[in-house]
Amino acid sequence: ERDFVSCALAQKDAAPSVPPFDDVTCHFVAPFLPPLVARKLVKPLPDGGFHPEATVTRREFARLVVGALAPKPKLPAKDFPDVIEGSTDAVALELAYRAGFLAPTSDGKLLPAAPLERLDLVSGMVRGLTVVNGSNVALASLLDTDGLSAAERADVVAAVASGLVVSYPDARFLRPDESATRAEVAATLVQALVLRGEVAPIPSSAIVTP
């Protein structure tokens, strides 16, 4: 892929490549946005941008994953002390949990307002999509997985093998404890659609490959 400077120079007099956003023209997320725009899952924020580097809350992730993937429940319904019944996000949070995409904390909370950590994004996609394939050679692509548990490493292996790990700006690092950005979540959701055969593959150096 071209670097940011060469891309910016090439786009100087061109029309925006991903309307209607005005802040992603040369960002890695640009080619991933059209499928989400077409599905009306993302739209410009009040200032007209997408804010690709902003973080995503667990509440926002629940809404996005339910809207993008229309998951089916796998787990029985459960009450969470930090989810208000009948609230705007309650349905999405419950379905994201029941489908496997959003795991509760050890004390039984969903933490809707907390930032979504990157490891939770990866593990959630593996559980929600029931991805089980993979080889440990996938871990060789990442330089910061030694501190993960065996179960977490298995999730990462399956996710990398399925193209579900997106890391920007350096795809050599998982950064498991960092908050996922809007760009990373958007690209990961599109990768899930690619995995299901609903979207054509999108080449990107941000996708971690075995």
Side-chain angles (χ1 to χ4, degrees), residues 21 24 27-29 32-33 35-45 49-75 77-85 87-131 152 155-156 158-160 162-168 174-196 198-199 206-208:
F21 305 105
V24 298
H27 197 282
F28 93 88
V29 79
F32 292 95
L33 292 179
L36 301 180
V37 172
R39 288 166 170 76
K40 299 181 179 180
L41 294 171
V42 295
K43 60 182 180 180
L45 293 171
F50 178 71
H51 295 194
E53 299 307 311
T55 57
V56 175
T57 64
R58 290 163 63 86
R59 171 189 294 117
E60 291 168 333
F61 173 65
R63 289 200 304 262
L64 285 168
V65 78
V66 168
L69 303 177
K72 303 296 183 184
K74 303 174 186 176
L75 302 172
K78 181 179 180 179
D79 291 329
F80 294 97
D82 54 349
V83 176
I84 301 174
E85 185 176 354
S87 63
T88 304
D89 302 307
V91 173
L93 285 164
E94 180 181 359
L95 183 52
Y97 157 71
R98 295 185 64 189
F101 287 98
L102 195 63
T105 61
S106 58
D107 58 353
K109 297 180 180 179
L110 280 188
L111 303 181
L116 177 73
E117 293 187 356
R118 284 179 47 77
L119 182 59
D120 289 337
L121 171 61
V122 170
S123 295
M125 298 305 288
V126 168
R127 290 190 305 267
L129 295 170
T130 318
V131 177
E152 291 168 342
D155 284 346
V156 173
V160 170
S162 302
L164 293 170
V165 180
V166 176
S167 188
Y168 174 83
L174 178 65
R175 297 178 287 112
D177 298 326
E178 292 187 17
S179 299
T181 66
R182 284 170 57 83
E184 290 165 343
V185 170
T188 301
L189 288 175
V190 172
Q191 285 299 99
L193 293 172
V194 170
L195 186 63
R196 299 204 314 192
E198 298 178 27
V199 172
I207 300 171
V208 179

**Student:** Is there a side-chain contact between E152 and L174, using heavy atoms and a 4.5 Å cut-off?
**Tutor:**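 Answer no - side chains too far apart.
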**Student:** Could you list the residues that satisfy side chain to side chain contact (heavy atoms under 4.5 Å, CB included) with D177, not counting sequence neighbours?
**Tutor:** E117
**Student:** Once you measure the plane-to-plane angle for Y168 and H27, does it fall in the parallel (<30°), tilted (30-60°) or perpendicular (>60°) bin?
**Tutor:**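 Rings of Y168 and H27: tilted, 30 to 60°.
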**Student:** Would you say R196's side chain and L69's backbone share a donor-acceptor pair under 3.5 angstrom?
**Tutor:** yes
**Student:** Of all the heavy-atom pairs spanning S179 and T55, show the shortest one and how long it is.
**Tutor:** CB-CG2, 3.6 Å
**Student:** CG of L116 to CZ of F101: how many Å apart, nearest 0.5 Å?
**Tutor:**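 Result: 12.5 Å between the selected atoms.
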**Student:** Which heavy atom in L193 sits nearest to a heavy atom in A68, and how many Å separate them?
**Tutor:**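 Reported closest heavy-atom pair: CD2-O, 3.7 Å.
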**Student:** Closest heavy-atom contact between F50 and A186?
**Tutor:**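 For F50 versus A186, the nearest heavy atoms are CZ-CB, 4.0 Å.
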**Student:** Indicate the atoms forming the closest heavy-atom contact of P81 with G108, along with that distance.
**Tutor:** CD-O, 3.3 Å
**Student:** Below 4.5 Å, heavy atoms only, C-beta onward: do V194 and F32 meet side chain to side chain?
**Tutor:** no
**Student:** For side-chain contact (heavy atoms from CB on, under 4.5 Å), just list the numbers for V185 and V65, CA-CA rounded to whole Å, side-chain angles, deciding distance to a tenth of an Å, and then say yes or no.
**Tutor:** CA-CA 9 Å; V185 170; V65 78; over 6 Å; no
**Student:** If I compare all heavy atoms of T57 with all of A113, which pair ends up nearest, and what's the gap?
**Tutor:** CG2-O, 3.6 Å
**Student:** Check whether any side-chain heavy atom of M125 lies under 4.5 Å from a side-chain heavy atom of L189, and answer yes or no.
**Tutor:**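 Heavy-atom side-chain distance check passes, below 4.5 Å.
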**Student:** Can you tell if the side chain of L195 reaches within under 4.5 Å of the side chain of V131, non-hydrogen atoms only?
**Tutor:** yes
**Student:** With a 4.5 Å heavy-atom cut-off, do R118 and S167 have their side chains touching?
**Tutor:** yes
**Student:** With rounding to the nearest 0.5 angstrom, report the CD to CD distance, E184 to Q191.
**Tutor:**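 Rounded to the nearest 0.5 Å, the CD-CD separation comes out at 13.0 Å.
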**Student:** Just by modelled atom types, is the L75 backbone N or O under 3.5 Å from a matching donor or acceptor in the R98 side chain?
**Tutor:**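 Present.
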**Student:** Name all pairs fulfilling the salt bridge (charged side-chain N to carboxylate O under 4.0 Å, His left out) condition that reach into residues 57-66, sequence neighbours left out, sorted by first residue then second.
**Tutor:** R58-D120, R59-D89, R63-D89
**Student:** Any side-chain heavy atom of P112 sitting closer than 4.5 Å to one from V83?
**Tutor:** yes
**Student:** Given 3.5 Å as the limit, does a donor-acceptor pair link the side chain of K74 with the main chain of R127, or not?
**Tutor:** yes
**Student:** More than 12 heavy atoms of other residues, nucleotides or ligands under 6.0 Å from CG of D79: is that the case?
**Tutor:** no
**Student:** Give the minimum heavy-atom separation between L93 and L110, together with the two atoms involved.
**Tutor:** O-CD1, 3.9 Å
**Student:** Identify which one of L129, V122, D155 satisfies the side chain to side chain contact (heavy atoms under 4.5 Å, CB included) criterion when paired with L164.
**Tutor:**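 Testing L164 for a side chain to side chain contact (heavy atoms under 4.5 Å, CB included) against L129, V122, D155 leaves exactly one candidate, L129.
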**Student:** Is any side-chain heavy atom of P73 closer than 4.5 Å to a side-chain heavy atom of L95?
**Tutor:**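 Heavy-atom side-chain distance check passes, below 4.5 Å.
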